[in-house]
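Worksheet: one structure, shown below.
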Amino acid sequence: MASLLLLLLLLPLLLLPLRIWSRLRWLAADLAFTMRALRCKRALRARALAAAAADPEGPEGGCSLAWRLAQLARQRPAHTFLIHGAQRFSYAEAERHSNRAARAFLRARGWDGGLGGGGTGGAGEGERAAHCARDQAAGSGAARAVREGDGAAPLAPGATVALLLPACPEFLWLWFGLAKAGLRTAFVPTALRRGPLQHCLRSCGARALVLAPEFLESLEPDLPALRAMGLHLWTVGSDTRPAGISDFLAEASAEVDGPVPGYLSAPQNMTDTCLYIFTSGTTGLPKAARISHLKILQCQAFYQLCGAHQEDVIYLALPLYHMSGSLLGIVGCLGIGATVVLKSKFSAGQFWEDCQQHRVTVFQYIGELCRYLVNQPPNKAERGHKVRLVVGSGLRPDTWERFVRRFGPLQVLETYGLTEGNVATFNYTGQQGAVGRASWLYKHVFPFSLIRYDVTTGEPVRNTQGHCVATSPGEPGLLVAPVSQQSPFLGYAGGPELARGKLLKHVFQPGDVFFNTGDLLVCDNQGFLRFHDRTGDTFRWKGENVATTEVAEALEALDFLQEVNVYGVTVPGAQAVGRGTRPTKQKWCYVGCREQRALWGSAPMADPAPHTHQGMKAGLGWQPWLSVPPTLWTLCSSMPMFLRTCHLMPGLDF
């Protein structure tokens with residue numbers, strides 16, 4: 001009787017279509033990840049509520065970065081947080097270093113209101129607001145004293161301070177210190193100089209710039225313009241500095257390392273901007289994406305969602321001015337209280353030795369790094385490692401298979417996301433070539449849709465009612481995600497025109513609003529998402545997003561070039577041009593000018609002045625390779641393109 005009853009219960013499952021059965025195969029994994037995501041959400045909400053109810057005079061009453069670091073310094077003071085070369089820093093030491101930095105920034109802000117304080121009891125929003133109003137008034141008065149005293153430009157409450165630093169401990173102490181001081185941080189890409197650098201500083205409204213001493217020489221031509229912008233200029237630890245540049249580390253070392261009041265950094269609203277990260281603009285220069293306190297909080301769950309834990313050691317060799325390095329790598333590590341091995345530069349030859357030395361268990365990658373590793377000659381260290389999990393984005397299927405076969409057993413967890421986006425995907429099943437899942441369980445926690453897109457018009461396809469149309473399995477579609485209070489889109493610093501096209505209205509219902517990722521993905525019959533193509537005029541090169549229009553504008557500034565158009569080519573043996581797994585986009589640069597010579601090469605994002613033949617060689621860093629025919633010169637830099645010149649250009653000798 002029991003057997004008959006069981007058969008009757010299973011009969012509906014046997015009648016399901018085959019495509020449904022293929023999806024049910026992954027039901028257990030979908031359910032497990034969904035439960036993990038819900039636990040993460042509950043934990044983050046509990047942390048945020050505890051911070052809101054904490055003593056505003058104490059460190060755990062501040063922004064999410066401030067209270068999480070203070071919490072870890074109290075709970076795990078001796079546990080190693082950061083390894084950088086021969087240096088090791090515990091969570092307690094990280095808290096003290098960032099406190100000194102916060103106090104130095106507060107002194108530059110002109111604030112002198114009881115830095116050591118420590119009240120008792122909880123506080124409501126009214127009390128926090130009163131604290132902020134009182135200290136802003138005190139700060140403005142002290143700021144006048146600073147201005148009248150030594151002439152240094154004071155920082156207003158909430159001002160933006162730009163960091164032009166490599167991946168190093170000082171980057172973290174200053175970032176955390178700025179957060180604790182209630183100041184915004186802007187992460188400036190370290191390769192930017194001249195016009196692009198000044199554009200980035202202006203676009204985010206920076207009032208100060210902290211730079212690495214090794215950048216001083218290359219920045220010397222920029223210093224007059226930076227001073228003219230009224231920036232407060234600091235360097236970190238240089239004995240010889242140009243006039244007008246202070247040593248921030250010296251100023252910070254003179255401060256005490258006690259905690260600063262939490263109310264200085266506590267946000268009035270979780271969607272307030274606390275950070276700027278620059279993304280490649282599809283129509284030109286980089287754009288300053290607004291990062292909210294809410295996003296910082298959400299990124300604390302990244303490594304927990306990936307299955308990492310507090311005893312893991314994470315290897316991070318990505319630039320900290322990118323979201324993947326700073327928000328996912330560093331903030332994600334803080335979220336689980338683990339250890340991070342931070343590298344200023346990635347070395348494929350040194351990687352496995354580092355992993356053995358520091359007992360690394362988790363590696364955060366971009367696809368290009370994995371390609372470097374599989375192209376290295378075999379060595380003994382690659383087989384004695386303890387790496388069990390590699391997490392990142394942009395790993396092509398061919399490299400994926402080679403990586404696991406050679407360095408396994410280990411788990412690869414491919415992800416997808418955007419700096420300014422409100423959607424992320426996780427390939428928690430390890431399916432090669434996929435960037436995530438589109439199960440109904442996952443979309444219940446992280447909602448998104450794929451809609452039909454017309455590549456000819458560059459617009460989503462709409463039906464007779466004016467609404468967008470969902471794609472079918474196997475059909476490429478534009479990835480969009482609903483905008484809500486829990487998943488907002490904050491846009492970019494500057495005018496609203498910078499976000500044009502990023503929001504789609506009336507997608508499925510009248511009045512709804514969705515974020516447009518600008519990426520085309522495909523969902524197969526089993527519910528796996530695979531990257532297909534990009535819709536914007538950008539491409540990936542060595543882990544960087546590059547705007548084709550920015551390359552074109554740099555070349556058009558040269559006086560002997562008449563016409564420039566940039567689009568894609570596939571570079572053999574290099575990373576896929578698209579963000580994901582399929583090298584469909586190709587970039588090509590056609591240049592009309594007064595010479596007939598084929599040039600193959602690339603040009604960096606730099607101001608090409610002076611706009612002359614010599615300026616082209618000097619400003620764009622052209623270096624011919626003598627091993628190629630004289631009519632085909634290879635130009636060395638960071639953006640793949642082809643240059644074809646059409647008329648004789650006398651005097652151009654390389």
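Just so it is clear, the structure is predicted and the values come from calculations on it, not from any experiment.
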For the residue pair Y416 and F531, categorise the inter-ring angle as parallel (less than 30°), tilted (30 to 60°) or perpendicular (more than 60°).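 Answer is tilted, since the angle falls between 30° and 60°.
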
Would you call the rings of Y442 and F448 parallel, tilted or perpendicular, taking 30° and 60° as the class edges?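 Aromatic pair Y442/F448 classed perpendicular.
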
Which pairs with one or both residues in residues 496-509 pass side-chain hydrogen bond (donor to acceptor under 3.5 Å, both in side chains), sequence neighbours excluded?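 As it turns out, there is no side-chain hydrogen bond (donor to acceptor under 3.5 Å, both in side chains) pair with a partner in residues 496-509 once direct neighbours are skipped.
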
Strictly by side-chain hydrogen bond (donor to acceptor under 3.5 Å, both in side chains), give each pair with a member in residues 469-487 just once, sequence neighbours left out.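 Counting only pairs at least two positions apart or across chains, the side-chain hydrogen bond (donor to acceptor under 3.5 Å, both in side chains) contacts touching residues 469-487 are R452-E475, S484-S487.
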
Measure across [X] and [Y] and return the closest heavy-atom pair with its distance rounded to 0.1 Å.
X	Y	result
D454	V461	N-CG2, 3.9 Å
R534	D519	CG-OD1, 3.8 Å
L305	A37	CD2-CA, 3.6 Å

Residues which pass ring pair (Phe, Tyr, Trp, His ring centres under 6.0 Å) with F528, listed by chain and number, not counting sequence neighbours: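 Partners of F528 under the ring pair (Phe, Tyr, Trp, His ring centres under 6.0 Å) test: W26.
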
Yes or no on side chain to side chain donor-acceptor pair (under 3.5 Å) for Y453 and E459, after CA distance, side-chain angles and deciding distance? CA-CA 6 Å; Y453 180 82; E459 296 290 339; over 6 Å; no

For H444, does the NE2 atom have more than 12 heavy-atom neighbours from other residues, nucleotides or ligands under 6.0 Å away?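 At most 12 heavy atoms, drawn from other residues, nucleotides or ligands, come within 6.0 Å of this atom.
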
Below 4.5 Å, heavy atoms only, C-beta onward: do K287 and T279 meet side chain to side chain?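 Yes, their side chains come closer than 4.5 Å.
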
Considering only heavy atoms from C-beta outward, does the side chain of I296 approach that of C63 to under 4.5 Å?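 When only atoms from C-beta onward are counted, C63 and I296 do not touch, as no gap falls below 4.5 Å.
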
